[in-house]
*Asks:* 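Would you mind keeping the following structure in view while I ask a few things?
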Amino acid sequence: MELTLVGLVDNQELRHILTEGSHVIGRGDDTNVKLAQASVSRRHAEIVVSGNEAILRDLGSHNGTKLNGNPVTTDVALQQGDQVDVANLSFRVEGPAGLGLTIFNESQTLVPSAEMTWEEVQSGRRDKRDLQSLLFRVLAEAGDLLTIPREPEEMYEPILDLVETALLQPERIFVLLIEADQDEPVNKASRVRGQGAATSLALSRTMMRQVIEKRKSFLTSDPLNDPGFGGMMSMVSQGIRSAIAVPLFDNEEVIGLLYADDSSAGKRFSKDQLAAFTLLANVIAVAITHSRYHLLEEEKRRQDTELQTAGGILDNILLSTLPECPGYEVTASLEACFEVGGDLYDARLMSDGRYAFLIGDVVGKGLGAALLVSHILSWSRFMIEENWDPQAMISRLNRQIFECTDSVRFTTFFLGYLTPETGHITYVNAGHNPPYVVRADGEIETCPATGMPVGILDEFPYTTGEVTLQAGDMITLYSDGVPETQRGERDEDEYGEERFEAFLREQRQTGLAELCTHLQQTLVDFRGDEPVGDDITLLLLRRNREQV
C-alpha cells in the first residue's frame, strides 16, 4: 500500500511518502518527518507501515495527535483520505495517483469564497456582457449534447471537452452521478493533467450535500491568499488554488455534481465562470437524462421484441384445439395479462385409451415464467406418452422444477387421467385451485389438493384423488385469474368463487366454447375499465348426456 502524508508547513507544501517501516514525526533531528514548530514535541507521533497496513500512534506528545478530529490514545489504522493533526498542523493521507477515486469526508474540504443558488444564477446578478459572451461560447458548443443521440457512456468525453473550454483547461475535472444503489455520488468520468494527477479527489460531505440537496454552486479561489485559509487546510494540502462544484440539475432533479479544480498559482475561477459553469451543468444534466431515457426506451423495445417472440413460441406450444375425447366435449382458453404469462394447459389421448388433461400456474410472469411453462409442457408430454401414472409423474415433475429453479419459483399443477368408458378420473392436485365438478343437476363438488405446489421441495409424498363423471357432468379446471378478477383498485371487490360457481351452475348445459366466451365477457363487465390483472385460463371437459 503506497500512501503519502501531505500538509502545509510555514506556507510550504510538505509531502512524505510512507514507505515500508517506521516514520517518526516530531521536532527532533532524528525524526523522519521534521516539523520545526514549538507546538510539536521532539518525538510527537509515529506511523508504522507493514504490508497493506499503516498504523498511527501518539508518542506521548504534549499537544496530542488526532485522526479525523479524534484524539489518538491507542494504535489506530490509517486509511487513504484520513486527516492527521499533529499539534496544530494538519496533514492528509493521500493514495497513489488513480483516476476515478473519490473520497468524501466530514471536513470542510471545499470552503467557498463564493456561492450561488440556482435562482441567483438564473437572475443574472453580474456584468451581463461578460457573462453573455462566455455563455454564448460555451453553450454554442453544448448544443451537440442535446441534438446528437448518444449512449450515456459516450457522453462523458464531450462533457469533459466542454468543461475544459468553459474553465480554460482546469487541471482536474470530475463528473459525479447519483446511483440508486450507492450512498454517495459515483465518479463516472474524469480528466486529470499536470500536477493534478498526483492526488485523488477529496470532497467534503457537507459541500456535496449542499450542492445536491439545495442546488448550490460553490467557488473557492487562491486559498493561500485568503485570510480565512486556515479553515481550508485540507484543500491546501492537496495543492488546490481554485475549485468549482455545481449541481447537475436536469430541470426536475439533481442527478449529480460537476467539479473542477486547479493548482496553478495564477489560476482563479471567477463568479461569471461559476454562473456559466452552473448553466452549462444544467445543459449537461438534461443531456445525460435524455440519454438515459433513450437507453431505457431502447431496452424496452428490445424486451418487447423478445416478449413478442416468446409469446409467439408459447402460442405454438399451447394447443389451440384440444384432442377429441370419445363421448366427451372438451375445450380450453387462455387470456394472458401480458405478452407472455405463466399459465398452461394441455390434453393428450394416451395409447391405452385414457385421456390425460392438466392445468398449471407458474409463479411470476415474463420470460422466466414462459421458459418454465415450455419446460413443464415438454416434460409432462413425454411422461404422458410413456404412460406414466399420475403420482409418479407429478413426483418426477416436482423434482425437475426444484432442480432448475430458485426457491421462490414454483408451480401449482392439476393432472387428471380420465377413463372415457366409465367417466372415472384419477387425479393429483399439487396446490392448484380445486377444480369444480358440476353435476348435471346443478350440484357442485371440488377436487381438493393432494399435495403442495411442485418445485418447493425436492421430495414430497403426493397422493391421488378420484372422481367420476356421469352423463351431463362437467369438470372445470381454472387458474386463479378467474376468481381474483377485481372490479377496481378502490373497490377491491373480487369476482370470487361464489359468483363463479353460480355462473357454472347457470351455464352447465351451454356449449363449452360458448361458455368460455360468456365467462370472458362476464369478467370484462365485472372489472370495467380495469386491465386484466392475471392470466385467465380454463379447461372444460363434459360427458355427453346420451352416454349411460
Side-chain angles (χ1 to χ4, degrees), residues 1-98 100-111 183-184 195 197-208 223-224 229-240 263:
M1 177 173 64
E2 182 181 325
L3 297 175
T4 303
L5 199 64
V6 182
L8 196 69
V9 180
D10 293 331
N11 286 339
Q12 297 292 321
E13 184 181 72
L14 182 149
R15 283 181 173 272
H16 179 79
I17 299 175
L18 298 172
T19 55
E20 186 85 6
S22 172
H23 302 262
V24 177
I25 305 170
R27 200 176 66 248
D29 293 334
D30 59 342
T31 58
N32 305 96
V33 183
K34 185 177 180 179
L35 305 175
Q37 302 285 327
S39 60
V40 177
S41 299
R42 192 179 70 81
R43 292 174 60 86
H44 196 106
E46 180 185 21
I47 297 175
V48 178
V49 178
S50 176
N52 290 323
E53 187 178 42
I55 299 298
L56 171 67
R57 64 171 61 102
D58 183 81
L59 298 178
S61 64
H62 292 298
N63 292 318
T65 304
K66 294 182 179 179
L67 177 64
N68 298 325
N70 300 313
V72 176
T73 56
T74 60
D75 290 0
V76 291
L78 278 182
Q79 302 290 334
Q80 184 176 332
D82 285 345
Q83 180 173 315
V84 177
D85 294 328
V86 179
N88 62 339
L89 298 177
S90 293
F91 298 89
R92 184 175 185 81
V93 180
E94 294 286 354
L101 183 60
T102 307
I103 301 166
F104 293 95
N105 56 42
E106 299 300 338
S107 65
Q108 287 289 348
T109 304
L110 182 62
V111 178
D183 295 332
E184 292 171 337
Q195 295 182 359
T199 59
S200 57
L201 174 63
L203 297 177
S204 89
R205 288 190 177 90
T206 302
M207 181 277 295
M208 181 261 294
L224 287 176
F229 85 93
M232 288 176 277
M233 185 62 68
S234 181
M235 179 180 171
V236 173
S237 70
Q238 297 180 75
I240 298 171
S263 62

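Heavy-atom basis, side chains included; hydrogens, waters and symmetry copies ignored. All residue numbers refer to positions in the sequence shown, counting from 1. Nothing here was measured: the structure is a model prediction, and the numbers come from that model.
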*Asks:* For L56 versus A45, what's the shortest heavy-atom pair and its separation?
*Replies:* CD1-CB, 4.4 Å
*Asks:* Are side-chain heavy atoms of V86 and F91 found at a separation under 4.5 Å?
*Replies:*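 The answer is yes; the side chains approach within 4.5 Å.
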*Asks:* Side chains of R15 and L5: does their closest heavy-atom pair fall under 4.5 Å?
*Replies:*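 SC-SC contact between R15 and L5 ruled out.
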*Asks:* Looking at L14 and L35, what are the two nearest heavy atoms and their distance?
*Replies:*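 Heavy-atom minimum between the residues: CD1-CD2, 4.0 Å.
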*Asks:* Mind jotting down which residue pairs meet the salt bridge (Lys or Arg N to Asp or Glu O under 4.0 Å) criterion with at least one end in residues 19-28? Sequence neighbours excluded, please.
*Replies:*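 Sorted pair list comes back empty.
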*Asks:* Determine the sole option in L78, V93, D58, D85 for which the side chain to side chain contact (heavy atoms under 4.5 Å, CB included) test with L67 is passed.
*Replies:*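 With L67 as partner, side chain to side chain contact (heavy atoms under 4.5 Å, CB included) holds for just one option, L78.
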*Asks:* Taking C-beta and beyond as the side chain, do N63 and V40 meet within less than 4.5 Å on heavy atoms?
*Replies:*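 The answer is no; the side chains never approach within 4.5 Å.
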*Asks:* Got a sec, which residues hit side-chain hydrogen bond (donor to acceptor under 3.5 Å, both in side chains) with S50, two or more places apart in sequence or on another chain?
*Replies:*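 S50 satisfies side-chain hydrogen bond (donor to acceptor under 3.5 Å, both in side chains) with no residue once adjacent residues are dropped.
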*Asks:* Counting only heavy atoms not in L59, do more than 12 fall under 6.0 Å of its CG?
*Replies:*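 Counting neighbours around CG of L59, more than 12 heavy atoms of other residues, nucleotides or ligands fall under 6.0 Å, so yes.
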*Asks:* Just verifying a value: how many Å separate T19 OG1 and N32 CG, rounded to the nearest 0.5 Å?
*Replies:*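 So the gap between those two atoms works out to 8.0 Å.
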*Asks:* Nearest 0.5 Å please: distance from the CG atom of N68 over to the CD atom of Q79.
*Replies:* 10.0 Å
*Asks:* Taking the side chain as every heavy atom from C-beta outward, state whether I47 and I25 have any pair of such atoms under 4.5 Å apart.
*Replies:* yes
*Asks:* With sequence neighbours excluded, give me every salt bridge (Lys or Arg N to Asp or Glu O under 4.0 Å) pair touching residues 63-73.
*Replies:*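 Counting only pairs at least two positions apart or across chains, no salt bridge (Lys or Arg N to Asp or Glu O under 4.0 Å) contact touches residues 63-73.
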*Asks:* According to salt bridge (Lys or Arg N to Asp or Glu O under 4.0 Å), who are the partners of D30, at least two apart in sequence or on a separate chain?
*Replies:* R42, R43
*Asks:* Mind checking what makes salt bridge (Lys or Arg N to Asp or Glu O under 4.0 Å) contact with K34, not counting sequence neighbours?
*Replies:*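 Only D29 meet the salt bridge (Lys or Arg N to Asp or Glu O under 4.0 Å) criterion with K34.
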*Asks:* Nearest 0.5 Å please: distance from the CG atom of N88 over to the CD atom of Q37.
*Replies:*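 That separation rounds to 6.5 Å.
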*Asks:* Do the side chains of V76 and I55 get nearer than 4.5 Å, heavy atoms only?
*Replies:* no
*Asks:* Which pairs with one or both residues in residues 21-50 pass ring pair (Phe, Tyr, Trp, His ring centres under 6.0 Å), sequence neighbours excluded?
*Replies:*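 Residue pairs passing ring pair (Phe, Tyr, Trp, His ring centres under 6.0 Å), neighbours aside: H16-H23.
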*Asks:* Restricting to non-hydrogen atoms, name the atom on A87 and the atom on S39 that form the minimum distance, rounded to 0.1 Å.
*Replies:* CB-O, 3.4 Å
*Asks:* Do L3 and Q80 have side chains that approach each other closer than 4.5 Å (heavy atoms only, starting at C-beta)?
*Replies:*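 A side-chain contact under 4.5 Å exists here.
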